[in-house]
Amino acid sequence: NALNQVVETLPHVTLFRPEEIVKAEKIDQGWTIQLSNQKKLQTKLLVAAEGSESPLRKQQGIEVKVQDYQQTAIVANIALNQANQAVAYERFLENGSIAMLPFGQNCVKCVWVIPSKQLKTLEIQSDKALLENIQREFGYRLGFFTQVGKRVFYPLKNICAETLYSDRFVLIGNAANTLHPIAAQGFNLGLRDAATLAEILVQAQNANQDIGSVEVLKNYADRRIDDHQATRYFTDSLAEPHVFQWLGILASEWVTPFKRRIAERGLGRHQSLPKLCRGMDL
């Protein structure tokens with residue numbers, strides 16, 4: 001909501017919502033896009049930020065590599081008997097993880113990752129039984145859970161596009177990489193995608209280059225590949241339960257330099273960050 005409120009004030013941005021792209025047609029120097037309200041737009045560059053199942057990515061024929069984790073995330077809001085102090089928690093379990101994310105003073109958003117083979121049992125549980133299960137798995141750091149809201153189930157897969165661009169077309173965010181949610185890195189990775197792409201497009205425009213050219217978009221892809229690969233590896237290493245995971249958790253708790261390194265990794269500071277991520281103007 002905060003981002004939307006800012007975007008609505010920008011004079012050089014036009015919002016069309018709620019709309020869908022019903023047709024995207026390639027033309028000589030860009031694209032013609034038809035929206036569901038029949039309005040047509042033209043652009044030199046089409047940026048697909050549509051999420052994991054990106055229809056535009058599929059239309060462009062960009063293949064993806066898919067890794068099925070054989071896990072499902074159960075997402076639901078949970079009411080607490082006390083204020084949550086705006087602290088997020090994640091507990092690593094033998095066969096998954098459970099995260100509690102602040103969502104109002106006396107409410108958290110629960111993300112419980114379970115083996116998919118357990119899903120049928122949990123799908124038919126009453127709210128009371130599910131709440132008891134979640135309380136047992138998470139513990140009492142947040143006090144007592146008093147109510148659970150509507151539950152939503154997400155099968156977990158790692159989806160990686162084999163290329164990030166084609167002529168006048170580029171992928172960012174989950175359309176480029178969909179990660180396991182265990183380390184909450186997907187959103188951060190998408191922000192770095194957007195910030196890097198913005199920086200490169202401004203540089204190209206200042207140099208009188210065509211912002212939709214393959215040369216410009218290849219520059220974006222080259223700058224992002226290391227971060228994408230490293231973040232996927234970091235996330236996957238946490239998603240697979242093994243003894244090294246537990247040792248790493250203990251080390252991050254008791255060894256300050258290691259804890260700092262993990263925090264820097266999660267913040268994306270392992271590499272040269274784009275200007276916007278460092279609070280600098282383009």
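What you see below is based on every heavy atom in this structure, not just the backbone, and it leaves out hydrogens, waters and symmetry mates.
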Practice task
Give a yes or no on whether Y220 and V47 share a hydrophobic cluster (residues Ile, Leu, Val, Met, Phe, Trp, Tyr; joining criterion: side-chain heavy atoms under 4.5 Å apart).
Solution key: yes

Exercise for the section: State, with a plain yes or no, whether a side-chain heavy atom of F138 is found less than 4.5 Å away from one of M100. Expected result: yes

Handout entry: Where I211 and L45 come nearest, the two heavy atoms and their spacing
Key = O-CD2, 3.9 Å

Problem - Cationic N near anionic O, under 4.0 Å, R192 to D227 - result: yes

Practice task
Determine whether I78 and L131 make a side-chain contact, defined as any pair of heavy atoms from C-beta on separated by less than 4.5 Å.
Solution key: yes

Practice task
Flag yes if more than 12 heavy atoms outside E63 fall under 6.0 Å of its CD atom; otherwise flag no.
Solution key: no

Practice task
May I ask you to say whether K58 pairs ionically with E53, meaning some side-chain N is under 4.0 Å from a carboxylate O?
Solution key: yes

Practice task
With the side chain counted from C-beta on, respond yes when Q29 and Q42 share a heavy-atom pair under 4.5 Å apart, and no when they do not.
Solution key: no

Practice task
Evaluate the side-chain proximity of L41 to T32: yes if any heavy-atom separation is below 4.5 Å, no if none is.
Solution key: no

Practice task
May I ask you to check whether Y165 and F169 place their ring centers less than 6.0 Å from one another?
Solution key: no

Exercise for the section: Output yes when E8 and R17 qualify as a salt bridge under the 4.0 Å nitrogen-oxygen rule, no when they do not. Expected result: yes

Problem - Minimum heavy-atom distance between N106 and A83, given as atom pair plus value - result: ND2-N, 3.5 Å

Exercise for the section: To the nearest 0.5 Å, tell me how far L130 CG sits from I74 CD1. Expected result: 6.0 Å

Problem - Salt-bridge criterion met for K44 and D210 (N-O under 4.0 Å) - result: no

Exercise for the section: Measure the spacing between CG of N219 and CD1 of I200 and express it to the nearest 0.5 Å. Expected result: 4.0 Å

Handout entry: Test item: K39 and Q34 side chains (from C-beta on) under 4.5 Å apart, heavy atoms
Key = no

Practice task
Report whether L197 and V216 are members of the same hydrophobic cluster (ILVMFWY, side-chain heavy atoms less than 4.5 Å apart, transitive linking).
Solution key: yes

Exercise for the section: Take K128 and E132 through the salt bridge (charged side-chain N to carboxylate O under 4.0 Å, His left out) test and state the conclusion after the steps. Expected result: CA-CA 6 Å; K128 182 176 183 294; E132 290 174 352; 2.7 Å; yes

Handout entry: CA sep, side-chain torsions, deciding dist, call: Y69, D236, side-chain contact (heavy atoms from CB on, under 4.5 Å)
Key = CA-CA 10 Å; Y69 290 110; D236 284 348; 2.4 Å; yes

Exercise for the section: Measure from NZ or CZ of K26 to the centre of the six-membered ring of W31, then state whether that distance is under 6.0 Å and the direction lies within 45° of the axis. Expected result: yes

Practice task
Measure across R91 and E137 and return the closest heavy-atom pair with its distance rounded to 0.1 Å.
Solution key: CD-O, 3.3 Å

Exercise for the section: Kindly indicate whether the side chain of I21, heavy atoms from C-beta on, has any atom under 4.5 Å from the side chain of L35. Expected result: yes

Handout entry: Student check: side-chain heavy atoms of C277 and L191 closer than 4.5 Å
Key = no

Problem - Shortest non-hydrogen contact between E19 and N37, atoms and distance - result: OE1-N, 3.2 Å

Practice task
May I have the step-by-step check of salt bridge (charged side-chain N to carboxylate O under 4.0 Å, His left out) for E123 and R151, ending in yes or no?
Solution key: CA-CA 9 Å; E123 276 183 321; R151 60 192 89 164; over 6 Å; no

Practice task
Report yes if the side chains of V66 and N158 come closer than 4.5 Å at any heavy-atom pair, otherwise no.
Solution key: no

